[in-house]
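Notes follow once the structure below has been shown.
Values below: all heavy atoms of this structure, side chains included; hydrogens, waters and symmetry mates excluded. Because the structure is a prediction, the values reported are computed rather than measured. Lettering of chains follows the sequences in order, A, B, ..., and the numbering in each one begins at 1.
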Amino acid sequence: MTAIPADSAPSASRPNGTALHSPVIDWFDAHARDLPWRRPEAGPWGVMVSEFMLQQTPVNRVLPVYEQWLARWPSPAHLAAEPPGEAVRAWGRLGYPRRALRLHGAAVAIRERHGGQVPTEHAELLALPGVGEYTAAAVASFAYGQRHAVMDTNVRRVFARAVGGREFPPDATTAAERKLARALLPDDDPTAARWAAATMELGALVCTARTPDCVRCPITAQCAWRAAGSPAHDGPPRRGQTYAGTDRQVRGKLLAVLREAVTPVPQAALDKVWDEPVQRARALDGLIADGLVEPLDGGLYRLPLT
DNA sequence: TAGGCGTGGGT
DNA sequence: TACCCAAGCCT
């Protein structure tokens, strides 16, 4: 008869969570990708830059832009010293270019309010532009080794399956999900940080949305979804994103012209990217309102200098 | 709070 | 070919 450690007993506050820690963290130790922002030399700024770029954008597309970005702007002060338009240009085709503007704004705020150092406190991080609940927790955890429930789409899916017995989590993060994530968090800081990275990696590499690779999953034996026979998602289909013909597409085309231009661009050059004039004007106005484009006298446009 | 906000690779 | 979806944030 083997002795059972007291802390492995299931409880209401921690639904058998500790039983997941070791297999998931051990799997991570063996299979984690060697990503540049995970290396010690990345530092808090490298972690923060990667988190901005990885918001809704796959790792493979982020890698080259991340390297160029850190080489050019190795600290928040370096980025803050340049016009926001340079950040938008360097963002390239990562998508959602408002993130570039917000990252620049975060760098300025870090210079002004934090002496040029990426803040260590969750609340301070959360106050930076472009930093929400997830990114604040991620930076505090990955850069500073703190204990936070880091909940991204990967973690939510892993928990929905392993613990909830469902194929997918709800559209919007629920209080129950937050409570579960907190309950599953290991007690000490370094293990909690490891757990956060490990659960994310498991969702990204094994417990994927489309075709989960349960054969390679370290917790397949404990997975509630598996135990239930891997039932398909029930309820209304998840909200899809349309793109063709939307303002987003027009904005993308307009901004692509401005990113490539070295000098201010005349209206006529922008008019070529989209035939329908009303939508084209609306998209351009939106970009200006967002601060992504700066209108000049004489019908010229450029990426923002201020 | 639901919807707007880019882009491109995988299936 | 279409559609899905990818380390979210903001209003």
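- Within the 4.5 Å cutoff, the side chain of A:Thr191 has no heavy atoms near those of the A:His21 side chain.
- Distance check on atom C1': B:dA2 versus C:dA7 gives 22 Å, rounded to whole Å.
- Residue A:Ser50 is classed as having no contact, given no heavy-atom separation below 4.0 Å to the nucleic acid.
- Taking atom CG on A:Asp290 and atom P on B:dC5, their separation rounds to 8 Å, with Å as the unit.
- By the 30° and 60° cut-offs, the orientation of the rings of A:Trp37 relative to A:Tyr66 is perpendicular.
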* To do: Show your reasoning for whether ring-ring contact (aromatic ring centres under 6.0 Å, His included) applies to A:Trp45 and A:Trp73.
  => CA-CA 10 Å; A:Trp45 174 239; A:Trp73 299 307; 8.9 Å; no
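- Using a 4.0 Å cut-off between charged nitrogen and carboxylate oxygen, A:Glu86 and A:Arg72 count as a salt-bridge pair.
- Between atom OG of residue A:Ser141 and atom CZ of residue A:Arg147 there is a gap of 10.5 Å, rounded to the nearest 0.5 Å.
- Counting distance only, with no hydrogens placed and no angle test, the side-chain atoms of A:Thr57 and the base atoms of B:dG6 include a donor-acceptor pair under 3.5 Å.
- Within 6.0 Å of CD on A:Glu276 lie more than 12 heavy atoms contributed by other residues, nucleotides or ligands.
- For the pair A:Phe52/A:Val131, a side-chain contact is recorded, criterion being any heavy-atom separation below 4.5 Å from C-beta on.
- As judged by a 4.0 angstrom heavy-atom cut-off over every strand, A:Arg157 is placed among residues touching the sugar-phosphate backbone only.
- The side chain of A:Tyr96 contributes no N or O atom lying less than 4.0 Å from OP1 or OP2 of B:dT7.
- Residue A:Trp37 is in base contact, counting any heavy-atom pair closer than 4.0 Å across all strands shown.
- In terms of heavy-atom proximity, A:Pro231 sits nearest to A:Ala228 at CD-O, 3.7 Å.
- Nucleotide B:dG6 holds its P atom 16 Å from the CZ atom of A:Phe52, rounded to whole Å.
- At a threshold of 4.0 Å, the pair A:Asp290-A:Arg251 counts as salt-bridged, since one of the basic side-chain nitrogens sits closer than that to a carboxylate oxygen.
- At a non-hydrogen distance threshold of 4.0 Å, A:Arg251, A:Gly252, A:Arg259 from residues 251-271 of chain A come into contact with DNA chain B.
- The interatomic distance linking A:Arg102 (CZ) with B:dC5 (P) rounds to 12 Å, in whole Å.
- Using a 4.0 Å cut-off between charged nitrogen and carboxylate oxygen, A:Asp247 and A:Arg282 count as a salt-bridge pair.
- The span of DNA chain C lying next to chain A, judged by atoms under 4.0 Å from heavy atoms, is bounded 5' to 3' by C:dC4 to C:dC10.
- Using a 4.0 Å heavy-atom distance criterion, A:Val150 is classed as making no nucleic acid contact.
- Here the side chains of A:Arg156 and A:Phe168 are not in contact, with every heavy-atom distance at 4.5 Å or above.
- In this model, a side-chain donor or acceptor of A:Arg248 finds a partner on the base of B:dG6 within 3.5 Å.
- Nucleotides C:dT11 and B:dG6 place their P atoms 14 Å apart, quoted to the nearest Å.
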Distances for protein N or O near nucleotides 8-11 of chain B N or O, under 3.5 Å:
{"residue": "B:dG8", "atom": "OP1", "partner": "A:Arg93", "partner atom": "NE", "Å": "2.4"}
{"residue": "B:dG8", "atom": "OP2", "partner": "A:Arg93", "partner atom": "NH2", "Å": "3.2"}
{"residue": "B:dG8", "atom": "O4'", "partner": "A:Arg61", "partner atom": "NH1", "Å": "3.4"}

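- Within the 4.0 angstrom heavy-atom criterion, no nucleotide atom of any strand lies near A:Gln249.
- For the residue pair A:Arg99/A:Thr57, the side-chain donor-acceptor check at 3.5 Å is satisfied.
- Nearer to the 5' terminus of DNA chain B, by closest-nucleotide assignment, is the contact made by A:Ala172 (compared with the other of A:Leu292 and A:Ala172).
- Residue contacts shown for A:Ala138 are absent, as no nucleic acid heavy atom lies under 4.0 Å away.
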